**Q** 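Would you mind keeping the following structure in view while I ask a few things?
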Amino acid sequence: MKKNVLIIGAGGVAKVVAHKCAQHNDELGRIAIASRNISKCQAIIDSVKAKGSLKVPADIQAFSLNALDIEATKALIRETESQIVINVGSAFLNMSVLRACIDTGVAYLDTAIHEEPGKICETPPWYGNYEWKHLEECQQKNVTAILGVGFDPGVVNAYAALAKQEHFDRIDSIDILDVNAGSHGKYFATNFDPEINFREFTGQVYSWQNSQWTTNTMFEVKRTDDLPVVGEQNLYLTGHDEVHSISKNLGVPNVRFWMSFGEHYINVFTVLKNLGLLSEQPVKTAEGLEVVPLKVVKAVLPDPASLAPGYTGKTCIGDLVKGTKNGQPHEVFIYNVADHEDAFAETDSQGISYTAGVPPVAAALLVARGEWDVQRMVNVEELPAEPFLKALDVMGLPTRIKDEHGDRPWDQSL
């Protein structure tokens, strides 16, 4: 049984992770938080204490860490006696933190795919470029590494696995629908790290269609859906991490990811991109300074964590799955609805951070209990879905299913 958690990162998602780990510290043991900015770590600890999140009395420690420094990360893992590392720092850190975990033999969890600063939308499948190169090593060293265990990727992968395991004889398509119908009141902002957010949308849009990779441009393909609670929404075909693992692991011929955007976001994004301000490549100013335009844009936009107070509305994220059951056409929508104000009341965070931060803690609990301590590298769809979804039900992210029988909790008998 594994205990003691090291959280790497100190943004909005890390705050949720810390609150949820504290709520379950009777099982997870000691909690440590590390990032370059130790004051941000301390602010998270202050929030946890102010909310009374600790289930049993304990200290939470803050540490200054450059997680690109593998030896420093290994030393901190040993110093804190952590057996589970939850990496919710920048996606640029993944391979360094994974290496530290493999070398120290501790469990590794992250919420997004690894990225290299100078590269965008590499050749699919994306996991094959970095993470999956360590499959054999994790297996040989009995290291548990659970990739992409946020909401999307993460929970939506479990929804896909549940659909395959319990609801279909054959799946023809999985369309992941991600809607944020909330309002933060700012002129323009992103709900998570602006640099990572924009990088998702400036390259090729890869989707898995007819059992092959298909490319489009951002905002080229649109659909409109009437979804539970949030109503009618416009969604756009977008590249995303989970498409690259589900297409490989579940054998489904069509896997696509769709995200909702308002016209204002699209207009601002288009202007920024056309001006070259979303480029990840450095440029020189007239004064001879070398800057990366995308990093400048990130610097002037609101910190996503600062959006939480006053954020209103709800999210709706789920899998629309189509195929056959008992020889008949079958369709289900497996989804969750989260509320920004509820998330803030519980964790001082907005709903996007909440949906991304709760799942890795649920996964950590399953690792601690031994249910998901698989001692190899996996994506979420390769693991039993039911214990994960049951944990999420009681941790604030309940799952529902909508099909021909109505709209109900996912585990409710018909």
Side-chain angles (χ1 to χ4, degrees), residues 91 111-131 147-148 150-154 156-157 160 172-180 190-225 227 233-250 252-281 293-294 297 316-322 352 356 379 381:
T111 61
I113 205 160
H114 178 75
E115 295 190 39
E116 286 292 317
K119 300 178 181 178
I120 285 182
C121 290
E122 297 187 57
T123 305
W126 290 345
Y127 285 105
N129 294 318
Y130 300 101
E131 286 87 349
L147 307 177
F151 204 102
D152 44 346
V156 296
N157 302 58
D172 297 323
S173 65
I174 298 174
D175 287 292
I176 299 160
L177 311 180
D178 183 329
V179 170
N180 175 23
T190 61
N191 290 296
F192 55 96
D193 186 335
E195 188 173 1
I196 302 300
N197 182 276
F198 288 131
R199 286 166 64 94
E200 285 186 4
F201 310 142
T202 53
Q204 292 281 345
V205 171
Y206 286 108
S207 60
W208 184 251
Q209 303 197 61
N210 299 315
S211 298
Q212 61 184 356
W213 290 108
T214 302
T215 60
N216 293 94
T217 57
M218 192 64 198
F219 305 123
E220 178 184 356
V221 184
K222 174 183 173 182
R223 63 184 287 158
T224 302
D225 291 88
L227 298 174
Q233 299 285 333
N234 294 325
L235 298 98
Y236 295 84
L237 187 66
T238 307
H240 224 244
D241 308 6
E242 55 270 46
V243 175
H244 296 255
S245 67
I246 292 173
S247 59
K248 172 182 179 287
N249 291 325
L250 297 188
V252 176
N254 297 285
V255 184
R256 295 167 289 243
F257 183 90
W258 306 80
M259 185 173 282
S260 67
F261 295 91
E263 289 302 314
H264 178 68
Y265 184 101
I266 295 172
N267 289 338
V268 174
F269 172 90
T270 301
V271 170
L272 290 173
K273 184 179 180 184
N274 288 345
L275 289 174
L277 292 173
L278 300 185
S279 172
E280 79 286 1
Q281 299 301 322
L294 180 54
V297 172
C316 179
I317 310 172
D319 293 12
L320 180 62
V321 188
K322 298 180 181 180
I352 305 302
N379 292 87
E381 67 272 16

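Source: prediction; values computed, not measured.
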**Q** If we ignore hydrogens and angles and just use 3.5 Å, is the side chain of Asp193 paired with the main-chain N or O of Glu195 as donor and acceptor?
**A**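 Indeed, once roles are kept as given, a pair shorter than 3.5 Å links the two residues.
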
**Q** Rounded to the nearest 0.5 Å, what's the gap from CG on Leu147 to CG on Asp241? Could you check?
**A**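 So the CG of Leu147 and the CG of Asp241 are separated by 10.0 Å.
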
**Q** Can you name the ring pair (Phe, Tyr, Trp, His ring centres under 6.0 Å) partners of Phe261, sequence neighbours left out?
**A**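 By the ring pair (Phe, Tyr, Trp, His ring centres under 6.0 Å) rule, Phe261 matches Phe201, Phe219, Tyr265.
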
**Q** Which atom names give the shortest non-hydrogen contact between Ser279 and Pro293, and what distance separates them?
**A**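 In this case the closest contact between Ser279 and Pro293 is O-CD, 3.7 Å.
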
**Q** Heavy atoms, side chains only, cut-off 4.5 Å: are Leu237 and Ser207 in contact?
**A**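 When only atoms from C-beta onward are counted, Ser207 and Leu237 do touch, with a gap below 4.5 Å.
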
**Q** Minimum heavy-atom separation for Ala160 to Leu250, with atom names?
**A**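 Closest heavy-atom pair between Ala160 and Leu250: CB-CD1, 3.7 Å.
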
**Q** Kindly give the heavy-atom pair with the smallest separation between Glu381 and Asn249, and that separation in Å.
**A**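 Closest pair (atom of Glu381, atom of Asn249, distance): OE2-ND2, 2.9 Å.
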
**Q** Listed by chain and number, what are the salt bridge (charged side-chain N to carboxylate O under 4.0 Å, His left out) partners of Glu115, not counting sequence neighbours?
**A**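 For Glu115 the salt bridge (charged side-chain N to carboxylate O under 4.0 Å, His left out) partners, ignoring immediate neighbours, are Arg199.
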
**Q** Search all heavy atoms of Gly239 against all heavy atoms of Val205 and return the closest pair with its distance.
**A**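 In this case the closest contact between Gly239 and Val205 is N-CG1, 3.5 Å.
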
**Q** Of all the heavy-atom pairs spanning Val252 and Ile174, show the shortest one and how long it is.
**A**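 Taking Val252 first and Ile174 second, the nearest heavy atoms are CG2-CD1, 3.9 Å.
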
**Q** Looking only at heavy atoms, which two atoms of His240 and His244 are closest? And how far apart?
**A**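 Here His240 and His244 meet closest at O-CD2, 3.2 Å.
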
**Q** If we only count heavy atoms from C-beta on, is the Tyr236 to Ile266 side-chain gap below 4.5 Å?
**A**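 Yes, their side chains come closer than 4.5 Å.
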
**Q** Considering residues at least two apart in sequence or located in another chain, which fulfil the side chain to side chain contact (heavy atoms under 4.5 Å, CB included) criterion with Asp225?
**A**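 Leu177, Arg223, Leu227, Leu235.
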
**Q** Name each donor-acceptor pair under 3.5 Å that joins a side chain in residues 118-128 to protein atoms two or more places apart or in another chain, with its distance.
**A**
from   : atom 1 : to     : atom 2 : distance (Å)
Glu122 : OE1    : Tyr130 : OH     : 3.3
Glu122 : OE2    : Tyr130 : OH     : 2.7
Trp126 : NE1    : Glu122 : O      : 2.8

**Q** Who pairs with Glu280 by salt bridge (charged side-chain N to carboxylate O under 4.0 Å, His left out), at least two apart in sequence or on another chain?
**A**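 With sequence neighbours excluded, Glu280 shows a salt bridge (charged side-chain N to carboxylate O under 4.0 Å, His left out) to no residue whatsoever.
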
**Q** Which residue pairs pass the side chain to side chain donor-acceptor pair (under 3.5 Å) test when at least one of the two sits in residues 252-263, sequence neighbours left out?
**A**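 Found Asp175-Arg256, Asp175-Trp258, Gln209-Arg256.
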
**Q** Would you indicate whether the side-chain heavy atoms of Phe257 and Asp178 approach each other to under 4.5 Å?
**A**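 Side chain of Asp178 against side chain of Phe257, heavy atoms only: contact under 4.5 Å found.
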
**Q** Answer yes or no: is there a side-chain heavy-atom contact under 4.5 Å between Ile176 and Glu242?
**A**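 Result yes, sub-4.5 Å side-chain heavy-atom pair found.
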
**Q** Do you know which of Asn216, Thr238, Thr214 makes side-chain contact (heavy atoms from CB on, under 4.5 Å) with Val221?
**A**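 Testing each of Asn216, Thr238, Thr214 against Val221, the sole residue satisfying side-chain contact (heavy atoms from CB on, under 4.5 Å) is Asn216.
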
